[in-house]
Amino acid sequence: MPETKYKKDEDFNEWYNEIVELADLCDKRYPIKGMNVWRPYGWKLMNHVDRQIREEMEKTNHQEVYFPLLIPESLFKKEEEHIEGFGSEVYWITHAGTNELEERWLLRPTSETAMYPMFSIWIRSHADLPLKIFQIVNTFRYETKQTRAFIRVREIHFFEAHTCHVDFEDAEKQVKEDREIADRLLKKLCMPYIFCKRPEWDKFAGAFYTISIDVLMPSGRTLQLGSIHQYQDNFSKPYEISYETEGGEHNYCHQTTYGMSERILGALIGIHGDNKGLVMPPAVAPTQVVIIPIIFKGKEKEVLDACEILSKKLAEKNIKSHVDNRDISPGTKYYDWELKGVPLRIEIGPRDLDKKEIILVRRDTGEKKSVSQDASIETITVELDNISKSLYENAKKFLDENMHRVQSVEEAKNKKGIVELPWCGNDDCALEIENILDGNTLGEPIEDDEECKKYSCPMCGKPAETWMRFAKTY
RNA sequence: GGGCCCGUAGGGUAGCUUGGUCGAUCCUUUUAGCUUUGGGAGCUAGAGACUCCAGUUCAAAUCUGGGCGGGCCCA
């Protein structure tokens, strides 16, 4: 049974690199570090993820827009913390044609500073609020560290939603809705996750607070898939985004943003994949069912017809199937579609036709069974559902087994994955723990939890205010 | 910012120490034809590489210097 050269549970990072290449997701040979070419299958997968995001946006009344890639320096510099946070990783445009520009332009690292001057023009009255927009675009960040396909890149495929509200409370409602969106989306992708309220020193530049969406990769490192930010009026003041109330007063808006990136794809690869290749959750699999005709001389037509009929029936039930009638051996096709992560494979050959059966093979478990042709559609629907469930359950089990709530740094040291320690609220204590554990502070759980108050901070011994999570991160 | 390593077909490799036997090995890939098809089929005939520039030399994939590209470690 041919498998990847590197095994997922032995050398995850090498395995990941191998899979990305084998499955035709991206080409890292483009001669700029961290700027990879999206190959057809990778782009298709990303588009399927984006489609799910668009669906969620539609359901929650967000409008899709597209803002320019270039931002003038003067707009970028209106909010001080924001510049400090992003300044060092911005690409600058200094020349156009043969002229040096009077004012430099930058490639968006994120779009606040492009959008907000326009919001200021658009929003006049309380009736214009809430404003809820989003875009799916490429953003640029000059990474100096090691890059990794879909996980740390310089040109980032990025979803960003921006909202404006009448007051803090309404913005808080948006944060809640964003959390629900993340939950629905990641459930579809069969990915368990955690929300963390980022510590003060690590929140988004300019935000009032930041909630991160993190998943745990099989290597034991966490990967931040996205974040939800409450800006309060931190941006609306410098960008003058205000509205007139019913009473005729002028108030500043309260704003939120919600961003996620191509890291979702990185997580899908890492969390569900195995040594045979990708395993795609049915919700985002471009092909959910692949049908392999087993052809013998003289019976080609009969078999191919049966495949096409089944494919049509599946289409009627909105199940995406593909009949692979390439002139290569069936074994090759099996490996091919396993590598691509198609959740369910169906084999139809002359023997099956005689018995009025088809053969189903699950990608995740390899389980193989014959079912009667009459009941096939129902069985396929059920199987796809079962695959989703078991992908989620396995990933959830891994996450649960690798989240540890402990009281001392000593205990924390021996744990793989994410640890939660009682924390007094003092930055220095958390930073010291980071040092000892050689990891990063993820943040505190967003759910209220009184239990930690029983314990004390392992560094200074003062009473704990909250749990604080630490992990090695990507 | 400091240190280290690497560069041979699309991918993976051998050759480099000690220059000549290299008209560059093997696997994979790929083109055409025949034959096959229930887990990567076979045969025949083809295709495809020494990162670039300069130097040393009778002779450079191999030695020297530089450029470009890639990677790692430390701060």
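Computed from a predicted structure; not experimentally measured.
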Exercise. Count the heavy atoms of every other residue, nucleotide or ligand shown that sit under 6.0 Å from CD of A:E434, and state whether that count exceeds 12.
Key: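 Yes, CD of A:E434 has more than 12 neighbouring heavy atoms, counting only those of other groups under 6.0 Å.
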- Query: For A:Y335 and B:rG40, are the ring centres under 5.5 Å apart with planes inclined under 30°?
  - Reply: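 A:Y335 ring centre within cut-off of B:rG40 base, planes near parallel; stacks.
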Would you kindly check whether a donor in the side chain of [X] faces an acceptor in the base of [N], or vice versa, at under 3.5 angstrom?
| X | N | answer |
| --- | --- | --- |
| A:R345 | B:rG39 | yes |
| A:E347 | B:rG39 | no |
| A:D352 | B:rG38 | yes |

*asked:* On the nucleotide B:rU36, are OP1 or OP2 found under 4.0 Å from the side-chain N or O atoms that A:K297 carries?
replied: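 Looking at the OP1 and OP2 atoms of B:rU36, one of them is under 4.0 Å from a side-chain N or O of A:K297.
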*asked:* I'd like the C1' distance from B:rU8 over to B:rA61, given in whole Å.
replied: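 B:rA61 and B:rU8 have their C1' atoms separated by 7 Å.
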Distance check needed: [N] [atom2] versus [X] [atom1], whole Å only.
| X | N | atom1 | atom2 | answer |
| --- | --- | --- | --- | --- |
| A:D327 | B:rG40 | CG | C1' | 15 Å |
| A:R152 | B:rG71 | CZ | P | 13 Å |
| A:I295 | B:rU35 | CD1 | P | 16 Å |

Note to self: Tell me if a side-chain donor or acceptor on A:S311 pairs with a main-chain N or O of A:C307 at a distance below 3.5 Å.
What the structure shows: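 Judged by distance alone, no pair lies under 3.5 Å.
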- Mind checking who B:rU44 pairs with, Watson-Crick or G-U wobble, both distances under 3.5 Å?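 B:rA32 - that is the nucleotide pairing with B:rU44, both distances being under 3.5 Å.
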Looking at B:rA75, which nucleotide sits across from it as a Watson-Crick or G-U wobble partner, both distances under 3.5 angstrom, or is there none?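 The answer is none; no pair meets the criterion.
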| Taking the six-membered ring of A:F204, is the NZ or CZ of A:R198 close enough (under 6.0 Å from the centre) and on axis enough (within 45°)? |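 That pair does not qualify as a cation-pi contact.
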TODO: With rounding to the nearest 0.5 Å, note down the distance linking CD in A:E383 to CZ in A:R363.
DONE: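 The distance works out to 15.0 Å.
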